[in-house]
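Pasting a structure below so you can have a look.
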Amino acid sequence: MKIATWNVNSLRARADRVESWLERTDVDVLAIQETKCKDENFPWELFERMDYEVAHFGFSQWNGVAIASRVGLADVERTFSGQPAFGKGGLDPVQEARAIAATVGTGADAVRLWSLYVPNGRGLQDEHMPYKLQWLHVLKEQAAADLAADPNLRLALTGDWNIAPQDEDVWDIQLFRDQGLTHVSAPERAAFHAFEEAGFQDVVRPRHPGPGVYTYWDYTQLRFPKKEGMRIDFVLASPALADSVTDAWIDRDERKGKGASDHAPVVVDLGP
DNA sequence: ATGGTCGACTCTCGA
């Protein structure tokens, strides 16, 4: 079973790309982030044509997450337990469409999989930053509790984490430091590492160590042709799931050409 | 062979 995660930056704008990518790569399960649509605008027919079941969680032009699977899609859950809502300036907090889960595969091969779009944070002093950190903290607590309840759990936390955990995960760490940019700060990295301390493993990095290995390149300033990217999309696997990984890679080629998302897909092969 | 934002949607914001 091959699983993948991909921030598509609008599913409608990327529909042709997603369809041809699914045909080409033969993945069984795709976790999607930034669908940027509500259900009524979702390209359901794309997945029907391809014989994938799909579950979507999106209610505006912002965020939006989905899971498509051709190996079963059960027990869909929208938002994780205790997921913080974002409230600003005294307005009512809004629960954003940033997390959806499903059980994919069957029998001993079944995987509980989350498609996650972690809040960006926007700025080190922005009110979105404590929201991001709290969001991650609660998710980690939930995932750790799930794992404690069943140490053999096959759990995949996949998506756009909006964190570069190591200095080599950005093209110029000094630039990020000098400009006080997000994604590399100590609190963000601590929030990410807490998942690793809880037993979850990045299953791509061991197979594709850096530097210079990225999953995202900004559209501006020729970042892609200049190889100036960030590694911010991850598949974190529980120990039992990590044990069954046979291969993992970043499909950098998908970032090429006109009409690409600014993120590349990340693919994990769990074997036959 | 990859090229100087892009996407949703309003007159701008989020990434």
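Residue numbers begin at 1 in each chain, while the letters A, B, ... track the order of the sequences. Just so it is clear, the structure is predicted and the values come from calculations on it, not from any experiment. Note that these values count all heavy atoms, side chains included, but never hydrogens, waters or copies made by symmetry.
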Whole-angstrom distance between B:dG7 and B:dG3, as gauged at atom P: 14 Å
Members sharing A:F47's hydrophobic cluster (side chains within less than 4.5 Å): A:W6, A:V8, A:L11, A:V18, A:W21, A:L22, A:V27, A:L30, A:I32, A:F42, A:W44, A:L46, A:M50, A:Y52, A:V54, A:W249, A:V267
Touch class at under 4.0 angstrom, heavy-atom based, for A:Y216 against every strand present: nothing
C1'-based separation of B:dC6 from B:dT10 [nearest Å]: 16 Å
Inter-nucleotide P distance (B:dT5, B:dC9), Å rounded: 23 Å
Touch class at under 4.0 angstrom, heavy-atom based, for A:R223 against every strand present: nothing
Stacked cation flag A:R231 on A:Y214, 6.0 angstrom / 45 deg: no
Pair A:Y117 + A:W62: ring centers closer than 6.0 Å: no
Test: A:E196 and A:K140 ion pair at under 4.0 Å: no
N/O donor-acceptor pair under 3.5 Å between A:H208 side chain and A:A248 backbone: yes
Sugar-phosphate, base or nothing in reach of A:K227, heavy atoms under 4.0 Å: base
Distance-only side-chain donor-acceptor flag, A:N9 / A:S261, under 3.5 Å: no
Positional range of nucleotides in DNA chain B within the contact set of chain A, heavy-atom, under 4.0 Å: B:dT2 to B:dA15
